[in-house]
Amino acid sequence: MQKSKVTKTPDKAEEKNAETEKRIPKCPQLLRGMKDILPESQKHWNYVRKIVEELAEDYTYERIDTPILEETSLFARSVGENTDIVEKEMFSFEDKGGKKVSLRPENTAGIARAYIEHGMLDRPQPVRFFYWGPFFRYDRPQAGRYRQFNQFGFEAIGDSNPIIDAQLIVMCQSLYQTIGIPVVTQINSVGCRECRREYEQLLTDYLSSRKKFLCEDCKRRLTKNTLRILDCKEKDCKEILADAPHIVDHLDEECKAHFVKVLEYLDEADITYQLNPFLVRGLDYYTKTTFEIWPEKEEGSQSALGGGGRYDDLVEVLGGRPTPACGFAGGIERLIISMREKEIVIPPPEPPDVFVAQLGESAKKKALRLVEDLRQKGIRAASNFSTEGLKYQLSVAAKLKVRFSLILGQKEMLDKTILLRDMEGGSQEVVDYNKVYDELKKRMEKVKAIIKNGNNHSEE
Ligand code: AMP
C-alpha cells in the first residue's frame, strides 16, 4: 500500500516570513574568529593603550604605523617559508594588479622593512618604535585565539648590547605589573645562525631515532622545521623531548656570553624569570635571546601574554645592512581576558568640568553655543540636548560626577544670567551670563586648591 504523503500547507505568517526573507536577505554574520569591540569594552582597551603609551614615552619608544597589507614575500623571507604562520595561517591573495599580498600576521617584518626603506640606519641607534594595531592569522579559533587580534609591541633596532634585551624584558614585566597581572618571564637563547644549524642537526639526529613515537605533525616538522618540535604539546612528544639536547648547551662563545649578560642584568633588576630550553618561538628570524611573558602559575605557551626576542639577521635578510635588533609583541585580547579574570578595576576617567543644562527652545540654542565656547576655552563641558526635563538632565550630570552644572532657563534668558549649581551639596548662585567663564573658572580653581591641600571640601 502506498503511503499517502502529508504535506503541511504553510500558514499565512510563515508565507509572509518566507516572502520577507526573499526580499530582505539575512544580515551577514561576523566571520569566524573575528570580534566586535563594543562600546562597553572600550574602557579596557583605552586603559591598556594609555599604559602602553605612557611606558613607550618613558622609555623613548616612538609610535610607528605600517600598512596592514604587505607583499607576501616580506613575511615568507622574514618569518620563514616553513613556519606555521606562513605555511598555513596567512590571509593571502592577489591584488587587482596580480601582486601577491598578505594581511600582516605580525609586525616585526613590516617595521624592519620600514627601517630599511626610510634609511633609518642614519639616525642615532637604536631606533626605538612602538606600535598598536590589528593582525591576522587563519588559525583555529578558541578562547584567546582569534583570526583578527590586536597587539602592541616594542622594537629597538640598531644595537647588539645585551642590556637592550634585558631592559626590554624589565619594561614588559613592568607593564603587566602596572596593570595588576602577576607574570613570569620564560627565557632561552636560540643562538646565532651557526649555533642553530649545528644544534638543529643534533636535535634531528636525536629525534630521528625516535621518529615512530612522534605525532604526525612532528614527523613532518622533522624534515622541515625541527626546532618547532620543541614547542609540541602532545604528551608522547613531550616525553621524548624531556631527554633531548638543549640549545643553551651548544651555544658558541659569543652567544653564550650574550645570554649570560642578559641574565646577569635581569638578576640585577630583580626580574623573576625561568630558563625554558623549549622556548624557540615560531618564527625563523629570532637569534640569541627569546622570551615570553606568561601569567604566573600557568603552564604552556598557549597562555603566553606576549613574546619576543632578538633578531640580529632580519634587516640583512630583507636587504638592509647588518643591523642587530630586539623586540616584543603583546596580545591585547589575552591581556584583557586576564584583567577580567582578575577583576581588575579600571580607574574611572576624569569627569567633565561642568554640565550645561537648559530649559526651553531658545535656552537650548544658547546652550549649544555655550558648550562650544567653554570647550574652546579649555573647559570640558558635557550636555544632553535630547531631553527637556531639568531633573533628568541633572541626574545625567550626577552620573557623570561633574562638580558644577550651569542651568539656562526662560528666566535666565530674559535676565541675561545663568544658574551655577555646585553638585556637591546642591547650592545655586545666579551669575551674570557674560561672566560665566570667569565665575566657573574661579570655583574650579578653588576646588583644585582644596584637593591639593588634602582637605575634604565637603567639610567647608
Ligand atoms: P606571537 O609573536 O605569535 O607569540 O604573538 C605574541 C602574542 O600575541 C601572543 O603571546 C598572544 O598574546 C597574542 N596572539 C598571537 N596570536 C594570537 C591570536 N591568534 N589571537 C589572539 N592573540 C594572539
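In listed order, ligands and their atoms are each counted from 1. Everything numeric here is computed off the predicted structure, so don't read it as measured data. Side chains are part of it too, since the values below use all heavy atoms of this structure and drop only hydrogens, waters and symmetry mates.
- Remark: R145 is not positioned above the aromatic ring of F149, lacking an NZ or CZ atom under 6.0 angstrom from the ring centre and at most 45 degrees off the axis.
- Less than 4.0 angstrom separates some heavy atom of G331 from each of these atoms of ligand 1: 7 (C), 8 (O), 12 (O), 13 (C).
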Fill in: Derivation of the side-chain contact (heavy atoms from CB on, under 4.5 Å) call for I271 and Y265
CA-CA 9 Å; I271 292 291; Y265 290 134; over 6 Å; no

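- Of the candidates F149, F135, Y138, it is F149 that places a heavy atom closest to atom 22 (N) of ligand 1.
- Contacts of E117 classified as salt bridge (charged side-chain N to carboxylate O under 4.0 Å, His left out), with partners at least two apart in sequence or in another chain: R113.
- Heavy-atom proximity to Q151, at under 4.0 Å, picks out these atoms of ligand 1: 5 (O), 6 (C), 7 (C), 8 (O).
- Each salt bridge (charged side-chain N to carboxylate O under 4.0 Å, His left out) pair with one or both residues in residues 160-189, not counting sequence neighbours, appears once here: D165-R310.
- Residue contacts with ligand 1 include L305, since one of its heavy atoms falls under 4.0 Å from the ligand.
- In terms of N/O distances under 3.5 Å, ligand 1 is not approached by G307.
- In the vicinity of A329, heavy-atom distances shorter than 4.0 Å reach the ligand 1 atoms 6 (C), 7 (C).
- Under 4.0 Å from ligand 1, not a single heavy atom of L335 appears.
- Aromatic ring centroids of F130 and Y61 lie 6.0 Å or more apart.
- For ligand 1, the polar-atom distance check against G306 finds a nitrogen or oxygen pair separated by under 3.5 Å.
- The heavy atom nearest to atom 1 (P) of ligand 1, considering only E106, R281, E333, R334, is found in R281.
- Proximity of R137 to ligand 1, defined as any heavy-atom pair under 4.0 Å, is confined to the side chain (atoms from C-beta onward).
- Residue F328 comes nearest to G306 through the heavy atom pair CE1-C, 3.5 Å, listed as atom of the first residue, atom of the second, then distance.
- The closest side-chain donor-acceptor pair between N107 and T66 falls under 3.5 angstrom.
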